[in-house]
Each structure stands twice: as structure tokens, then as C-alpha cells.
Amino acid sequence: MRLPISALLLLVACPADQDSDSGGGTDGTDAPETIYDCAALPDEPTQTRVVPGASGYHGLAFDSSGRLVGSDGNALIRTQSDGTREIWIPGLGELEQIAFLPSGELVVSAAENGALWKLSEEGGRELLVGDLFAYGVVLGPDGFIYTSGWRGISRVDPADGTVEVLGSVDATLGSEPHAIGFGLGNDRFYAGVISYTEEGVDPHLAPVFEWTVDGAQRFSTEPSVLVSALGLGWHDTMGVDVCGNLYVADFRTTNLYRITPLGAVTTLIDWQYPYGDNEGRSEYGHALLWGSGEDGWREDALYMTMPYSDNQVQEIVLGIPGKDWDGEVLNR
């Protein structure tokens with residue numbers, strides 16, 4: 001029987017036994033695993049805990065010093081894995097997703113006015129785009145920023161803020177792109193959606209779209225539907241593991257789904273619906289991010305924000321690393 005995530009959060013999460021080739025994280029003393037077997041993919045998370053000191057709203061990212069960066073709803077907070085916490089940049093207001101550039105600057109989307117900002121290490125702010133109203137913010141393999149929102153899928157030059165609209169999703173499905181991300185090998189680009197109709201929510205209109213991408217980051221003209229009716233169509237975050245499986249969280253069902261490369265769907269986590277306790281708290285997660293495997297962050301775990309539980313951050317041990325893991329992969 002699969003435990004709800006609220007029960008798993010009661011467990012004390014200690015580093016997992018690293019004797020198997022599971023791609024597990026490091027606690028700073030053990031060497032990380034170098035082999036992962038996709039045939040040994042776990043059916044469900046094994047451990048979950050709240051990360052002490054960490055904050056996050058809709059976005060998370062690791063900086064070059066190994067700190068986890070997220071928003072507490074107003075300020076950006078930097079947290080080490082031991083719980084050491086500091087306010088980095090105050091007064092930013094509510095932010096959507098965030099992504100670090102190779103230069104070390106952070107790109108953030110402001111929810112209040114739709115601006116896309118570039119922030120320096122010293123806290124300086126440079127306006128990239130004034131009215132993009134982006135939700136998804138993802139660094140592409142070309143060093144450009146990819147965003148989602150009512151404009152569709154856009155590529156933003158972080159040097160001068162030039163915006164190129166790459167495409168959108170099928171409007172006849174009553175959807176707009178929301179959660180986005182690149183696939184394994186960066187030759188696919190995925191978009192989850194917010195689905196709606198003029199009359200309200202249609203539970204059948206909840207697709208995840210897929211574009212093919214060439215080596216120059218040129219997108220196929222039209223996306224295909226990877227899966228349809230995923231949850232009830234409010235896809236808040238996504239990510240891909242080293243075996244090519246896609247993970248998508250749906251707000252309306254408060255579930256985390258795993259989609260195989262062949263399109264088979266399983267419910268990995270059920271955060272319970274209707275969500276929230278009598279004070280309105282919920283462990284439902286945004287900002288899916290794999291651990292770095294360094295500085296105490298587990299490479300076999302997801303780090304996800306809990307915006308409905310005081311902007312805390314949870315660590316969910318899946319037993320599989322993310323798509324950018326550089327070890328040897330078997331049976332992929």
C-alpha cells in the first residue's frame with residue numbers, strides 16, 4: 001500500500017545505505033555511486049523529510065556554492081544542507097520560477113508585474129523583459145532562458161532580453177503551457193498545462209505536450225501529445241530522471257505522476273485531496289529539482305517546495321538521479 005506523503009514526512013530521513021548501485025547521494029564522506037540500473041527503478045519514494053531552514057515558493061535552484069536558493073514569499077533565501085540559512089536579496093515580492101545562468105546570475109519571474117529580472121551575486125537587479133508574465137523559467141542547453149505563460153513558449157536572450165516566441169499548445173484543447181522542461185539528452189521539450197474551458201474545468205483536457213529539438217535548439221513546428229488526461233490539468237512542475245522518465249505534479253489532484261518514455265503513467269505520490277489540514281496547509285509540491293550530490297544534497301532525491309505549508313522545502317528520496325547525472329546508466 002502506498003503511503004500518503006504526509007505519513008512519510010513523519011519518518012526520520014537518514015542517508016540511505018549506499019552499498020547498492022542506486023545513484024544515491026553523498027553525505028560528504030561517502031563517494032557517490034557511479035552506476036545506475038534503470039531496471040531497478042523504485043516504485044515509490046523511500047524517505048521524505050522537511051529540509052531544515054530552507055524556503056521556496058514556486059521555484060528552487062542550486063547556486064555555485066552549493067546552497068539551495070528559494071523564496072519565502074518576499075526575500076530570496078540561501079540554505080546549506082545543514083540548515084544554515086541566510087537572507088540573500090530582500091523585498092522581491094512573490095516570484096514564480098527561477099534559474100541560474102552559467103555566469104552565476106539568477107533569472108527570476110515576478111508574479112506581481114510580470115517582469116523577468118536578472119539578479120547579480122551582490123543583489124543588483126537588471127530588467128530583462130517588462131511584461132512577459134512567465135510562470136515556467138528554465139535554463140536551456142544553449143544558455144538561453146525558456147519560459148511559459150499566456151504568450152506560449154518563449155526563448156529569452158539573457159544578454160539583452162530579446163524574446164522569441166517558439167510556439168504554443170493546441171488552443172482547441174483549452175490549455176496554456178505552464179510547467180516546462182527539457183528531456184533526456186535535451187532533444188525533447190515538454191510542456192504541462194493549465195486546462196480550462198469557457199464553462200470551467202474539463203477533466204479530459206489535461207495533456208502533456210512534447211516538441212522535438214535539434215542541436216541548434218530549433219523546435220518542431222507543432223507539438224505532439226505525449227499523454228492526455230494527466231490529472232485534472234493544472235501542471236505546476238516537471239523534471240526528468242536519468243532513465244528518461246518524466247515527473248509532473250498536478251495541483252487539481254495533488255498528485256505527482258511518473259511518465260515513462262513510452263507514455264505509461266503511474267501515480268508516484270498522493271498528497272491527498274482535498275488538500276490541506278484545518279489550517280490550510282498541504283505538502284503538495286512545486287519546483288521539482290534533483291539534488292546535486294554535493295554539499296550534503298542527495299543526488300537520488302527530489303527537492304520540492306511546499307507553498308501551502310509556509311513555503312517549506314521537502315526532500316523526497318526516489319532512489320534515482322536526475323537527467324544530468326554523469327555516471328554509467330544500464331538498461332536505459
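In plain terms, the two heavy atoms of M306 and S282 that are nearest each other are CB-O, 4.1 Å. A pairwise comparison of heavy atoms in E315 and A301 identifies CG-CB, 3.9 Å as the closest pair. When all heavy atoms of A75 and I87 are compared, the pair lying nearest together is CB-CG2, 4.0 Å. Looking at every heavy atom in both residues, W211 comes nearest to S168 through CZ2-O, 3.4 Å. The two residues S71 and G93 come nearest to each other via the heavy atoms OG-O, 4.3 Å. In this structure, S109 and A134 approach most closely via the heavy-atom pair OG-O, 2.6 Å.
A donor-acceptor pair is defined here as one N or O able to donate and one able to accept, closer than 3.5 Å; no such pair exists between the side chain of R78 and the backbone of R67. When atom types are taken as modelled, the side chain of H235 and the backbone of V193 share a donor-acceptor pair closer than 3.5 angstrom. With hydrogens and angles ignored, the 3.5 Å screen pairs a side-chain donor or acceptor of S148 with a backbone N or O of G136. Looking only at distances, a side-chain donor or acceptor of S220 sits under 3.5 Å from a matching main-chain atom of T212. Using a distance-only test at 3.5 Å, with no hydrogens or angles considered, a donor-acceptor pair links the side chain of R252 to the main chain of L232. Checked by atom type and distance alone, the side chain of D310 never pairs as donor or acceptor with a backbone atom of Q312 at under 3.5 Å. Remark: the backbone N or O of N245 is paired with a side-chain donor or acceptor of D241 at under 3.5 angstrom. Remark: side-chain polar atoms of W325 are not paired, donor with acceptor, to backbone N or O of Y36 under 3.5 angstrom. A donor-acceptor pair under 3.5 Å links the side-chain atoms of W290 to the main chain of I320, judged by distance alone.
Remark: I98 CD1 to L139 CG distance equals 12.5 Å, nearest 0.5 Å. Taken from CG in L116 to CD1 in I145, the straight-line distance is 7.5 Å, to the nearest 0.5 Å. Interatomic distance, CD1 of I269 versus CG of L302, reported as 7.0 Å (0.5 Å rounding). Between the CG atom of L95 and the CG atom of N74 there is a distance of 8.5 Å, given to the nearest 0.5 Å.
Using a 4.5 Å cut-off on side-chain heavy atoms (C-beta onward), R258 and L246 make no contact. Here the side chains of V242 and K323 are not in contact, with every heavy-atom distance at 4.5 Å or above. Contact annotation: the side chain of L92 approaches that of L119 to within less than 4.5 Å [non-hydrogen atoms, C-beta and beyond]. Contact of the S195 side chain with the P207 side chain is registered, since non-hydrogen atoms from C-beta on lie closer than 4.5 Å. Counting heavy atoms from C-beta outward, F189 and Y146 have side chains that approach closer than 4.5 Å. Contact of the W88 side chain with the E86 side chain is not registered, since no non-hydrogen atoms from C-beta on lie closer than 4.5 Å. Residues Y247 and Y257 have side chains not in contact (no heavy-atom distance under 4.5 Å, counting atoms from C-beta outward). In this structure, T79 and T84 have side chains that are not in contact, with every pair of non-hydrogen atoms separated by 4.5 Å or more.
Under the 4.5 Å side-chain contact rule for hydrophobic residues, V163 and F219 do not share a cluster.
Remark: N331 CG is packed, more than 12 non-hydrogen atoms of other residues, nucleotides or ligands lying under 6.0 Å away. Other residues, nucleotides and ligands contribute at most 12 non-hydrogen atoms within 6.0 Å of the CH2 atom of W234.
Between E164 and R151 there is no salt bridge, since none of the side-chain N atoms of the basic residue sits less than 4.0 Å from a carboxylate O of the acidic one.
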R49 and E283: salt bridge (Lys or Arg N to Asp or Glu O under 4.0 Å), yes or no, with the steps? CA-CA 11 Å; R49 69 177 179 118; E283 289 86 24; over 6 Å; no

side-chain contact (heavy atoms from CB on, under 4.5 Å) evaluation trace for V156 with F144: CA-CA 6 Å; V156 181; F144 282 60; over 6 Å; no

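None of T237, L288, L318, D250 except one satisfies the side chain to side chain contact (heavy atoms under 4.5 Å, CB included) rule with L256; the exception is L288.
There is a side-chain donor-acceptor pair under 3.5 Å between D236 and Y284. Under the 3.5 Å distance criterion, with hydrogens and angles disregarded, a donor-acceptor pair is assigned to the side chains of E105 and S103. A donor-acceptor contact closer than 3.5 angstrom is absent between the side chains of E96 and Y135. Checking R85 against S55 by side-chain atom types alone, a donor-acceptor pair falls below 3.5 Å. No donor-acceptor contact under 3.5 angstrom links the side chains of Y57 and D72, judged on distance only.
Residues meeting the ring-ring contact (aromatic ring centres under 6.0 Å, His included) test with F133, sequence neighbours left out: none.
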